[in-house]
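Note that this is a predicted model, so its numbers are computed, not measured. The sequence lines fix the lettering, A, B, ..., with proteins before strands; numbering per chain opens at 1.
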Amino acid sequence: MRRLLPVLAMMLTPVAQAAELVVYSARAESLIKPIFERYERERGIKIRYLTDKEAPLIERLRAEGRNTPADLLLTVDAGNLWQAAELGLLRPLQSATLAANIPEHLRDPEGRWYGLSVRARTIVYARDRVQPSDLDSYAALADGRWRGRLCLRTSKKVYNQSLVAMMIAELGMARTEQIVRGWVANLAAPPFASDNEVMDAIVARRCDVGIVNTYYFGRLLREKPELELALFWPDQGENGRGVHVNVSGAGVTRHAKHPQAAQALLEWLSAGPAQHMFAALNLEYPANPDVPPDPAVAAWGSFRQNPINVAQAGALQAEAVKLMDRVGYR
Amino acid sequence: MLPLGVVAVCAVGVERAVWAHLAEHVLPQALVNTAWLLLGVGLGTAVLGTLLAALVALCEFPGRRWLSWALLLPLAMPTYVLAVAAVGLLDYAAPLPSALRALGVGFPDIRSRGGVILVMTLALYPYVYLVARPAFASQGLRVLEVGRALGMGPFRAFLRASLPLARPWIAGGTLLVLMETLADFGAVAAFNYDTLTTAIYKAWFGLFSLDAALSVAGVLILLVLVLLTAESKLRAHREYTALGVALPRRLPLGRWRWLATAACLLVLALGFVLPLVQLLQWSWTHRHDIGMHDLRLAVHSVSLGLVAATMTITAAVLLAYAVRHQADRFTQVCARLATLGYALPGALLAVGLYVPLARGTAFISDTWGIATTVQTSLLLLVLAYGVRFLAVAHTPLAAALLRIRPSLDEAARLHGVRGISLIWKVHLPLLRGSLATAMLLVFVDVMKEMPITLMTRPFGWDTLAIRVFELTQEGEWARAAWPSLTIVLAGLLPVLWLDRGIDAGISGRRRAPAA
């Protein structure tokens, strides 16, 4: 019976074909499907994908080991790519194309994963109650003048974890803890479950400023063009470190059955119309600086990105979570 | 059992530092919050579910007949959907509280402990209602009349006579609610209410420590064991067998009758109609999303639900009979452990099932060189549903089997009816209602299930719940309304259809002992 089981299993499931790539994706289907369909049309290679949250996908890759059908792992933040690389689930690539297309701070120093789109996490404010000149940096939101005027999303969301992780990397643990403590003291309402709720709360005058990913703002603006909110790019001054960015990115799995084809797909994604589409579908910024963002996105103005390597977000994520727990940021 | 084993093994190897952090900064609050949630939702659903069930089964009031099934409708509404709709409708920024503020009237914050308890109570009371209703119906008015003959008022007669007799059903239904509450992630996440489940996900997703997550799950399992023991202690040394024929008569409520109707309508409005309206409104703004692929997703959801429900019920019947015929401690403990999967957060259970299986197949292919992908077969998915929802199928069945007197078996044997034919000819007609209940519960639960489906589905087997997950993952709650609505609609049909089966079961129970 034991020997029969695998045979039975084979009959139950189709095994990946040669001209076919398998992608494990934490990026939502609606954001990848049109791109993969385009690739199929252009290159004649079929792409099958399976979506789930990052952590279960990584656990799945780990457990499947050499048996995994996955060629590519696609996630929506650098922390999980870093974690997958740490666990040895991704293979280093030697690709001049990728090295040329993706800036150094948006990819793994060892070439195991590459950012494909940039997600900027920035300050949003009520235009009628806040002047841009009142705003300066993420750290300045801890200032007493914002008492009862700040709204934040829950610390359980990875976007906030990576923001705090980057601050730890640059400002040190003690200073970051002081800042986050200040944020918590300034909160007008308990942390929200989503960036949308943060913006809704500002619109409803529950608070005046918040921190959100730009594409949520873009979506809301598309629904309500008369929106009384605006984006502010923090840390742009001479001593500023730039806007915090994270990436949605991908890496070829260690046990990929089609590593060359997977690398080709990754290279295709890093340039030209595919790169544009990858970002534009979700109103994000292309990782490749030669590719312009969607006009709707470009309208929010340009900004200087924080040049620290996004891998830091992964390395310090656990520390960031602990820090936020310590200061009572829920 | 397998996932439990994995939990136990991994819980031993946890990093000290992570655990120390959780114990100091996360677990105390999570435990307090979880305790309040269990208390609030447990009491809330027990009281609400029992009252509604008794009202519908024992009393006569306008609209009783259709309210009897309409009160089941919130069952089709996933808890996470109700939670998101409640926050969308009632949070500070929503139209109603904003309008009230403009009038100078304060509105309580929905994103609070009370809010989360209220929403989960409304979402989960049908578990108690569905399990308790046949219990009251099969008692009929007789029990009440006995109480009144002893000089009690109708309400006192209900408390002293009817209620104690329905206790195993109420306790069973409430236990399901408590397990579901412990495992819930979607609803508490929408309220940003920290519980043991959110602590588990924090350890796993935030601190990258699956081991720490599993140790927290160990704490959760301990809690469930306490609950289970408490429930079986409540039931010990009592017999709850039926006493013959109940007449289909009901107590007229006189001038209270409209109040009964109003109470039922209020529950229905809050638990089903209002969120449905919110979903419809959101769906309308995103109506261009609707397409043929929704039909494919619905077909997947429904067929998985049907197959899983059938398989799970078969397993539950076997389990219930094993306990009935081998009433020793070992069998009982095994039966208890087998139903624990319902209290674990889904994602954790998914990993607990998937990891050993994937490792196993990896081992097989390394040893014998046979390439397999057993992990992505439909069979595994359905088995995983079985592990998760066995408790849901087991509870109504076990409670119904309690009602079948051993003397009935003896009488049947005297007539030469034994073994399979005893079950087929005598038990089955008596169990029909409970089988339909169990089928309904598992089916609807599978339709709503997310994490296990995510982890174990084969390529292309996306369901409606997966679509909801995809959209909410990117914060597109409003766009998720349409697939959520489809889950509700697809869940409604079997709710209505199976409800007839349950009714038939009740009347079948009336007939069979008389025959």
### Message
Which atoms of Val84(B) are under 4.5 Å from chain A, going by heavy atoms: the side chain, the backbone, both sets, or neither?
### Response
neither
### Task
Report yes if some heavy atom in the side chain of Trp204(B) is under 4.5 Å from a heavy atom in the side chain of Glu59(A); otherwise report no.
yes
### Query
Any idea which heavy atoms bring Phe205(B) and Gln317(A) closest together, and the distance?
O-NE2, 3.1 Å
### Query
Do any N or O atoms from the side chain of Arg48(A) and from the backbone of Gly460(B) form a donor-acceptor pair under 3.5 angstrom?
no
### Query
Hey, are Asp462(B) and Lys33(A) close enough for a salt bridge, meaning a charged N less than 4.0 Å from a carboxylate O?
no
### Message
Any side-chain to backbone donor/acceptor pair from Arg206(A) onto Ala93(B)? Under 3.5 Å, distance only.
### Response
no
### Query
Regarding Tyr354(B) and Glu64(A), is there a side-chain donor-to-acceptor distance under 3.5 Å anywhere?
yes
## Note on the structure
Here the gap from Thr285(B) atom OG1 to Glu223(A) atom CD, rounded to the nearest 0.5 Å, amounts to 7.0 Å
### Query
Of all heavy-atom pairs between Asp91(B) and Phe192(A), which one has the smallest distance, and what is that distance?
OD2-CE2, 3.7 Å
### Query
Hey, which of Arg326(A), Glu319(A), Arg219(A) has the most heavy atom pairs under 4.5 Å with chain B?
Arg219(A)
### Query
At a heavy-atom separation under 4.5 Å, does Glu197(A) approach chain B through its side chain, its backbone, both, or neither?
side chain
### Under 3.5 Å: donor-acceptor pair, side chain of Asp325(A), backbone of Val26(B)
no
### Summary
Ranked by heavy-atom pairs below 4.5 Å to chain A, first place among Glu24(B), Arg111(B), Gln29(B), His25(B) goes to Arg111(B)
### Summary
Under 4.5 Å to a heavy atom of chain B? For Arg153(A) that would be neither
### Message
At a 4.5 Å cut-off on heavy atoms, which part of Ser194(A) comes close to chain B: side chain, backbone, both, or neither?
### Response
side chain
### Task
Flag the one option from Val321(A), Asn196(A), Thr51(A) with the top tally of heavy-atom pairs under 4.5 Å to chain B.
Thr51(A)
### Query
If you round to the nearest 0.5 Å, how far is CZ of Arg330(A) from OG1 of Thr198(B)?
9.0 Å
### Task
Measure distances from Glu476(B) to the heavy atoms of chain A and classify the residue's part below 4.5 Å as side chain, backbone, both or neither.
both
### Reported CG-to-OG1 distance for the pair Asp194(B) and Thr154(A), which is rounded to 0.5 angstrom
6.5 Å
#### Entry: Heavy-atom proximity to chain A below 4.5 Å, by part of Tyr201(B)
neither
### Message
What's the separation between atom CG in Leu207(B) and atom CD in Gln161(A), rounded to the nearest 0.5 Å?
### Response
8.0 Å
### Query
What closest approach, in Å, do Asn192(B) and Lys156(A) show between heavy atoms, and which atom pair accounts for it?
OD1-NZ, 2.9 Å
### Query
In terms of heavy-atom pairs under 4.5 Å with chain B, which of Ser155(A), Pro190(A), Ala26(A) leads?
Pro190(A)
### Task
Compare all side-chain heavy atoms of Val355(B) with those of Arg62(A) and state whether any distance is below 4.5 angstrom.
no
## Note on the structure
Heavy-atom nearest pair, Ala204(A) first then Tyr92(B), reads O-CE2, 3.6 Å
### Message
I want to check something: taking the side chain as every heavy atom from C-beta on, are Glu470(B) and Leu31(A) in contact at a cut-off of under 4.5 Å?
### Response
no
#### Entry: For Arg457(B) against Arg60(A), the heavy-atom pair lying closest together
O-NH2, 4.3 Å
### Query
Do you know the tightest heavy-atom contact between Phe469(B) and Asp52(A)?
CZ-C, 4.0 Å
### Message
Please classify the contact between Asn213(A) and chain B as side chain, backbone, both or neither, with a heavy-atom cut-off of under 4.5 Å.
### Response
neither
### Message
For the interface with chain B, which of Ser30(A), Gly79(A), Ala189(A), Ala55(A) has the highest count of heavy-atom pairs at distances below 4.5 Å?
### Response
Ala55(A)
